[in-house]
Amino acid sequence: MLSLCSLLLSWLCFTCPTFFSCGDITLGGLFPVHARGPAGVPCGEIKREKGIHRMEAMLYALDQINSDPDLLPNITLGARILDTCSRDTYALEQSLTFVQALIQKDNSDVRCSNGEPPIIPKPERTVGVIGASGSSVSIMVANVLRLFAIPQISYASTAPELSDKSRYEFFSRVVPPDSYQAQAMVDIVKAMGWNYVSTLASEGNYGESGVDAFLQISREAGGLCIAQSIKIPREPKPGGFDKIINRLMETSNARGVIIFANEDDIRRVLEAAKRANLTGHFLFVGSDSWGAKISPILHQEEVAEGAVTILPKRASIDGFDGYFTSRSLENNRRNIWFAEYWEDDFKCKLTRPGIKYEPGRRKCTGEERIAQDSQYEQEGKVQFVIDAVYAMAHALHSMHRDLCPGSMGLCEKMDPVEGRKLLQYIRSVSFNGSAGTGVMFNENGDAPGRYDIFQYQLSNTTNPGYRCIGQWTNHLRLNAEEMQWSGGDSVVPDSVCSFPCELGERKKMVKGVPCCWHCELCDGYQYQLDELNCNMCPFDMRPFPNRTGCRPTPIIKLEWSSPWAIIPVFLAVLGILVTSGCIVTFIRFNDTPIVRASGRELSYVLLTGIFLIYLITFLMIAEPSAPVCGLRRILLGLGMCITYSAMLTKTNRIYRIFEQGKKAVTPPPFISPASQLIITFILVGVQLLGIIIWFGVVPPHTIIDYDEQRPPNPEFARGVLKCDMSDLALVLCLSYSIVLMVTCTVYAIKSRGVPETFNEAKPIGFTMYTTCIIWLAFVPIFFGTAQSTEKLFIQTTTLTVSMSLSATVSLGMLYIPKVYVIIFHPEQNVQKRKRPLTPRRSDSQTHIHRNN
């Protein structure tokens with residue numbers, strides 16, 4: 001066996017550096033031992049953690065399995081490990097090594113120098129592959145391994161695309177796919193109250209698939225908008241990362257940045273943010289490629305502060321720490337890259353044939369010790385590498401138990417191992433892995449989603465670094481009180497397109513961006529119905545000051561204490577007192593010549609009308625009710641109707657007597673006091689008939705007018721309690737009295753030539769002229785204030801003052817002089833001797849005097 005292994009090893013050394021260890025069954029391994037090289041060079045510098053740590057984890061697991069008497073007893077596992085150099089195309093070339101044993105070669109034409117056919121050792125058969133690391137590498141290799149039915153178990157590839165078994169049938173993984181990771185990241189973003197974030201993805205399957213999964217899940221979940229989705233090119237141009245930061249700042253409100261990128265791209269993004277002086281602005285949420293690694297944030301700690309990262313749930317394997325820290329140049333010669341690791345880890349130089357010594361670098365002594373003379377921290381995927389190897393071993397163990405029962409070693413049924421059957425056993429394994437957690441696969445070959453959530457904390461902590469702040473296992477458990485942000489702030493920063501609207505504001509959505517809106521105040525008499533709509537308050541209500549609802553509009557009426565009421569009441573009280581004094585005086589001196597000459601019967605009727613005119617002021621100011629409204633209807637026009645009916649009857653009588661006197665000596669009809677009263681009451685009866693009809697058609701009632709005092713500012717809105725008497729109804733109520741007034745004025749003008757010794761035509765004429773002026777002034781004031789918020793008060797005051805003034809004019813012109821003479825000059829209140837008159841006029845004048 002040993003000689004055969006030596007032959008195989010020498011045969012493969014002509015291609016490229018590989019690790020090979022012999023065994024009954026050979027497993028392949030793919031690890032990024034080196035970074036991607038510059039243009040034209042496949043491999044770059046060595047990767048200590050992601051390369052050497054992971055590779056040694058596979059060797060450690062193989063050692064453990066080969067020494068375990070209960071797992072694959074009497075069967076030794078060997079390995080062929082290849083370096084992918086973090087490049088998918090290079091890894092594809094390397095992976096052809098795994099399938100060369102399955103490729104039939106025609107060597108019939110090949111002969112040795114002696115003419116005999118050559119003895120060509122058959123390459124060892126690789127039954128399964130552990131790896132690769134990057135998703136793009138795994139995808140490339142999986143396409144080749146599928147053709148030759150070689151199962152593959154990855155320890156780090158998380159692209160959701162690899163769950164598609166129609167394309168990657170033989171691929172399995174011990175880490176959960178990015179679809180779980182993306183779900184966890186969506187849950188984290190929502191838990192922090194963010195709804196507006198950007199995404200960054202490294203070009204390739206891992207980054208692009210991860211972001212695609214995040215975008216799809218966020219769309220399905222709703223409530224999360226993507227400001228920008230930026231792809232980082234494989235070979236970025238100079239200044240490319242500065243342009244990426246500038247693009248992110250175009251939507252500066254989207255402070256949250258979801259990043260699915262490799263370590264190099266993460267580091268360069270942080271460097272560009274630092275150069276742009278944006279430390280503390282961006283809030284990164286990193287995928288498992290960031291995890292809890294130091295290398296991406298080295299020297300960029302301030303920019304990375306507060307970054308929330310996710311990593312498949314893991315544990316540090318103590319046994320591996322003891323194994324790896326005991327490795328040295330002497331006891332680890334099997335790892336062909338370990339010397340290169342040694343030089344990089346201890347910053348020294350080994351003396352090797354063909355390698356020129358660098359004067360500025362110290363020589364390695366070989367006595368250095370890992371973790372003592374250098375920093376050491378177990379790489380995060382070591383656990384999964386070990387679990388992947390054990391999963392393959394458990395599958396082979398179950399296969400051997402079923403196909404080779406009782407056999408000590410491999411039997412014919414497992415020589416060779418059939419890949420499709422092995423795949424079935426792989427999918428059926430279930431065991432506790434190296435960290436004590438269950439290892440199993442679903443129908444797509446994916447491991448369950450179990451993640452630890454970390455945050456990089458720098459301030460207010462004695463031990464700066466990554467701190468576990470939660471877990472995700474199908475649902476999120478986040479310890480928000482343990483989170484710290486830039487400067488040690490414990491308040492979660494905002495990453496929202498638009499901040500919540502204030503109370504009373506609605507959201508006006510931005511078309512196509514459901515997380516962005518403008519806040520618009522529900523103005524006027526609108527209130528906030530919901531977050532998107534305003535609605536008008538009912539007509540009898542007004543919005544609350546914060547516009548979250550509606551409240552009843554206050555009801556007002558004209559108060560007795562209002563300045564608008566004090567003046568009309570004062571005039572009315574004064575007028576009633578004077579009118580009452582006149583009536584009492586007339587009653588007291590009822591049989592005196594002045595009282596008799598003024599026409600006692602009509603004077604009492606006229607004074608009653610004047611009294612009612614003054615009285616209406618109190619009804620107009622009193623609190624509206626059905627009885628008050630009824631009395632308003634009756635008395636508003638009745639007082640004036642009585643007054644001007646009596647005046648019209650007087651002026652008409654005087655006019656008819658003197659006109660008749662010009663034509664004949666017989667007096668005109670209906671000039672007696674009784675006739676005058678009947679005519680007056682008939683005229684008043686017309687008004688009363690109209691009021692009765694009004695009562696029958698529309699019974700009196702009160703209304704609350706919410707339109708009268710409804711200014712733009714609803715805080716000043718008031719409902720006005722009033723009677724159901726519109727401006728038109730009021731005009732119609734007074735129109736009959738105005739007709740009487742105008743008619744009386746016409747007769748007063750016609751009777752102006754009558755001698756004043758015998759009649760009251762001229763005082764009545766002056767009364768009517770003045771009254772007409774008052775009411776002409778009333779019309780523009782009353783109707784000109786129809787749009788005023790003080791309409792009720794102005795119109796009520798204007799109406800009552802106009803009526804009081806017209807009553808006062810009638811009282812002052814017709815009765816105050818008579819009362820003055822009766823009280824202060826009684827000597828003039830005597831019967832005067834009649835002068836001789838001409839025969840034609842004597843009868844008419846004597847008749848006037850007699851009837852007066």
Side-chain angles (χ1 to χ4, degrees), residues 18-21 23 26-34 46-68 71-72 77-84 86 128-134 137-138 152-158 172-175 263 288-289 291-293 295 311-328 331-338 340-342 344-345 370-371 374-395 429 431-437 439 447:
T18 61
F19 170 90
F20 180 75
S21 66
T26 302
L27 301 181
L30 292 171
F31 295 95
V33 178
H34 291 86
I46 196 164
K47 301 181 79 167
R48 289 181 295 170
E49 288 83 12
K50 293 182 70 174
I52 298 300
H53 280 207
R54 293 178 182 181
M55 175 187 171
E56 287 291 343
M58 181 174 179
L59 299 180
Y60 167 77
L62 290 174
D63 291 346
Q64 295 293 110
I65 293 168
N66 290 335
S67 62
D68 188 343
L71 185 61
L72 290 174
L77 295 180
R80 175 168 296 284
I81 299 175
L82 306 177
D83 180 9
T84 66
S86 305
V129 174
I130 306 300
S133 176
V137 175
S138 288
Q152 173 186 3
I153 302 179
S154 173
Y155 50 84
S157 298
T158 56
S172 304
R173 48 188 163 192
V174 291
V175 289
E263 293 180 39
D288 60 345
S289 61
K293 300 187 183 78
S295 55
L311 194 62
K313 198 169 185 64
R314 64 174 187 174
S316 181
I317 310 303
D318 294 336
F320 176 79
D321 286 339
Y323 161 81
F324 190 78
T325 55
S326 66
R327 299 296 88 190
S328 66
N331 63 17
N332 198 22
R333 294 182 181 275
R334 63 180 179 178
N335 187 341
I336 62 173
W337 296 289
F338 194 72
E340 189 178 352
Y341 166 83
W342 194 271
D344 188 74
D345 191 43
I370 298 172
S374 65
Q375 291 185 349
Y376 167 77
E377 183 179 357
Q378 187 179 123
E379 201 275 332
K381 294 294 195 300
V382 163
Q383 169 197 341
F384 301 108
V385 174
I386 296 172
D387 288 345
V389 176
Y390 265 88
M392 192 72 76
H394 278 282
V429 300
F431 63 96
N432 287 330
S434 56
T437 57
V439 177

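What's counted below: heavy atoms across the whole structure, side chains too, no hydrogens, waters or symmetry copies. Residue indices begin at 1 and follow the sequence shown.
Between Gln378 and Ser316, the shortest heavy-atom contact is NE2-OG, 3.2 Å. Taking all atoms of both residues into account, the shortest heavy-atom contact from Phe31 to Gly51 is CB-O, 4.3 Å. Closest approach of Leu30 to Tyr155, counting heavy atoms only: O-OH, 2.7 Å. Shown here for Ser133 and Pro32, the closest heavy-atom pair between the two residues is CB-CD, 3.7 Å. Nearest heavy-atom pair across Ala371 and Thr325 is CB-CG2, 3.8 Å. Closest non-hydrogen pair, Leu311 versus Ala292, comes out as CD2-N, 4.2 Å.
Listed by chain and number, the residues in a side-chain contact (heavy atoms from CB on, under 4.5 Å) with Ser434 are Ile317, Gln383, Ile386, Asp387 (sequence neighbours excluded). Lys293 pairs by the salt bridge (Lys or Arg N to Asp or Glu O under 4.0 Å) definition with nothing, not counting sequence neighbours. The ring-ring contact (aromatic ring centres under 6.0 Å, His included) check on Tyr390 picks up nothing, with sequence neighbours excluded. Among residues two or more places apart in sequence or in another chain, the side chain to side chain donor-acceptor pair (under 3.5 Å) test is passed with Ser374 by Asp345. Considering only residues two or more places apart in sequence or on other chains, Asp68 meets the salt bridge (Lys or Arg N to Asp or Glu O under 4.0 Å) condition with none of them. For Asp321, there are no salt bridge (Lys or Arg N to Asp or Glu O under 4.0 Å) partners two or more places apart in sequence or in a different chain. Scanning for side chain to side chain donor-acceptor pair (under 3.5 Å) contacts around Thr158 gives Asp178, with sequence neighbours left out. Take Arg314 and apply the side chain to side chain donor-acceptor pair (under 3.5 Å) test, not counting sequence neighbours, and it matches no residue. Remark: Asn332 engages Glu56, Arg327, Arg334, Asn335, Phe338 in a side-chain contact (heavy atoms from CB on, under 4.5 Å) (not counting sequence neighbours). Evaluation of the side-chain contact (heavy atoms from CB on, under 4.5 Å) rule for Ala395 yields Leu422, Tyr425, Ile426, Val429 as partners, not counting sequence neighbours. By the side chain to side chain donor-acceptor pair (under 3.5 Å) test, His34 pairs with Asp83, Glu340, sequence neighbours left out. The salt bridge (Lys or Arg N to Asp or Glu O under 4.0 Å) search around Lys50 returns Glu263, not counting sequence neighbours.
Side-chain contact check for Asn432 versus Val439: every heavy-atom pair is 4.5 Å or farther apart. The closest side-chain heavy-atom distance from Leu27 to Leu62 is below 4.5 Å.
Put simply, the side chain of Ser154 gets close to the backbone of Ala132: a donor and an acceptor are under 3.5 Å apart.
Residues His53 and Tyr376 bring their aromatic ring centres within 6.0 Å.
Ring geometry for Phe431 versus His394: interplanar angle under 30°, hence parallel rather than tilted (30 to 60°).
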